[in-house]
Amino acid sequence: QDLPYNSVKLNLIKVELETVPMMSPGGTCNPFFVVYTKQKHKAHTSDVVRGIKKGQKSVVFEMSNVTVCDDVKVEFYHKTVMDKAMFHFWFNTFFVVNPLPYDSRQSRDSIPEVNGSPSDTFILTLRKDEIATANIYNTTRLFSPILMVRLYFVRSSDSEQLPVSESEQLPVSEHNV
């Protein structure tokens with residue numbers, strides 16, 4: 001089924017990094033991330049989580065409503081004297097709210113329910129093979145094969161779907177994405 005593309009504003013409220021990569025020889029990691037909007041505008045830089053030791057399985061970054069819309073880039077870093085890039089990924093907020101039928105990262109079943117109906121909370125899960133740079137380290141111990149990043153969103157208070165000009169509007173179907 002064709003679905004017209006609309007800009008969708010969401011608030012990023014939490015990011016969870018599962019199976020934290022060990023970036024230093026001593027088996028530690030000091031992760032943080034930066035969120036960019038499609039205009040390459042830095043929308044958010046998380047706090048650095050220091051002292052992650054080998055064996056710690058996940059780290060959660062809580063934040064207060066970082067508004068994102070359309071194409072979004074997230075870059076993860078390891079904090080050292082010179083910040084070391086770990087990996088990055090892109091997503092479009094339209095597909096967080098309107099996943100394609102074959103999209104294994106999200107389904108309506110994964111969205112928390114409130115009183116029997118889906119809430120306005122959305123979860124996007126990206127696995128190692130969907131994360132740029134992390135998927136090329138298959139032979140090293142930096143990134144676990146079960147590396148995962150989960151992003152939690154709520155609808156923005158002004159989150160009505162914003163129509164895209166007719167010249168930019170493309171029908172969305174599983175054949176042209």
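These figures come from a predicted structure and were not determined experimentally.
Taken from CG in L17 to CD in Q56, the straight-line distance is 10.0 Å, to the nearest 0.5 Å. The line from CZ of F153 to CG of L12 is 5.0 Å long, rounded to the nearest 0.5 Å. Atom CZ of F87 and atom NE2 of H78 lie 13.0 Å apart (nearest 0.5 Å). Here M86 contributes atom CE and E75 contributes atom CD; the two are 11.0 Å apart, rounded to the nearest 0.5 Å. Atoms OG and OH, from S46 and Y77 in turn, are 11.0 Å apart once rounded to the nearest 0.5 Å.
T125 approaches E130 most closely through the heavy-atom pair O-OE1, 4.0 Å. Heavy atoms only, all atoms of each residue included: T80 and K84 are closest at OG1-N, 4.3 Å. Here the closest heavy-atom approach between residue L126 and residue I131 is recorded as O-CD1, 3.9 Å. For the residue pair E18 and E16, the shortest heavy atom distance occurs at OE2-OE2, 3.7 Å.
In this structure the side chain of N92 never reaches within 4.5 angstrom of the side chain of V72, judged on heavy atoms. In this structure, the side chains of Y152 and F122 stay at 4.5 Å or more apart for every pair of heavy atoms. Side-chain contact check for K14 versus M63: every heavy-atom pair is 4.5 Å or farther apart. For the pair S156 and L10, the minimum side-chain heavy-atom distance is 4.5 Å or more. Counting heavy atoms from C-beta on, the side chains of L124 and F95 never come closer than 4.5 Å.
Judged by distance alone, the side chain of K128 and the main-chain N or O of F143 form a donor-acceptor pair under 3.5 Å. A donor-acceptor pair is defined here as one N or O able to donate and one able to accept, closer than 3.5 Å; such a pair exists between the side chain of T93 and the backbone of V8.
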Which atom pairs, donor and acceptor, lie under 3.5 Å between side-chain atoms of residues 28-37 and protein residues at least two apart or in another chain?
residue : atom : partner : partner atom : Å
T28     : OG1  : S24     : OG           : 2.7
N30     : OD1  : G51     : N            : 3.0
N30     : ND2  : K79     : O            : 3.4
T37     : OG1  : Q39     : OE1          : 3.1

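Hydrophobic side-chain contacts under 4.5 Å tie I146 to no other Ile, Leu, Val, Met, Phe, Trp or Tyr residue.
Using modelled atom types, one finds a donor on one side chain and an acceptor on the other under 3.5 Å when comparing Y5 with D70.
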Quick one, M22 with I52, criterion side-chain contact (heavy atoms from CB on, under 4.5 Å). Give me CA distance, side-chain angles, the key distance, then yes/no. CA-CA 8 Å; M22 293 297 107; I52 305 283; 4.0 Å; yes
List the steps, then state whether side-chain contact (heavy atoms from CB on, under 4.5 Å) holds for V154 with N65. CA-CA 8 Å; V154 293; N65 296 337; 4.2 Å; yes
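E62 pairs by the side-chain hydrogen bond (donor to acceptor under 3.5 Å, both in side chains) definition with nothing, not counting sequence neighbours.
I13 and M148 fall into different hydrophobic clusters, where Ile, Leu, Val, Met, Phe, Trp and Tyr side chains are chained together by heavy-atom contacts under 4.5 Å.
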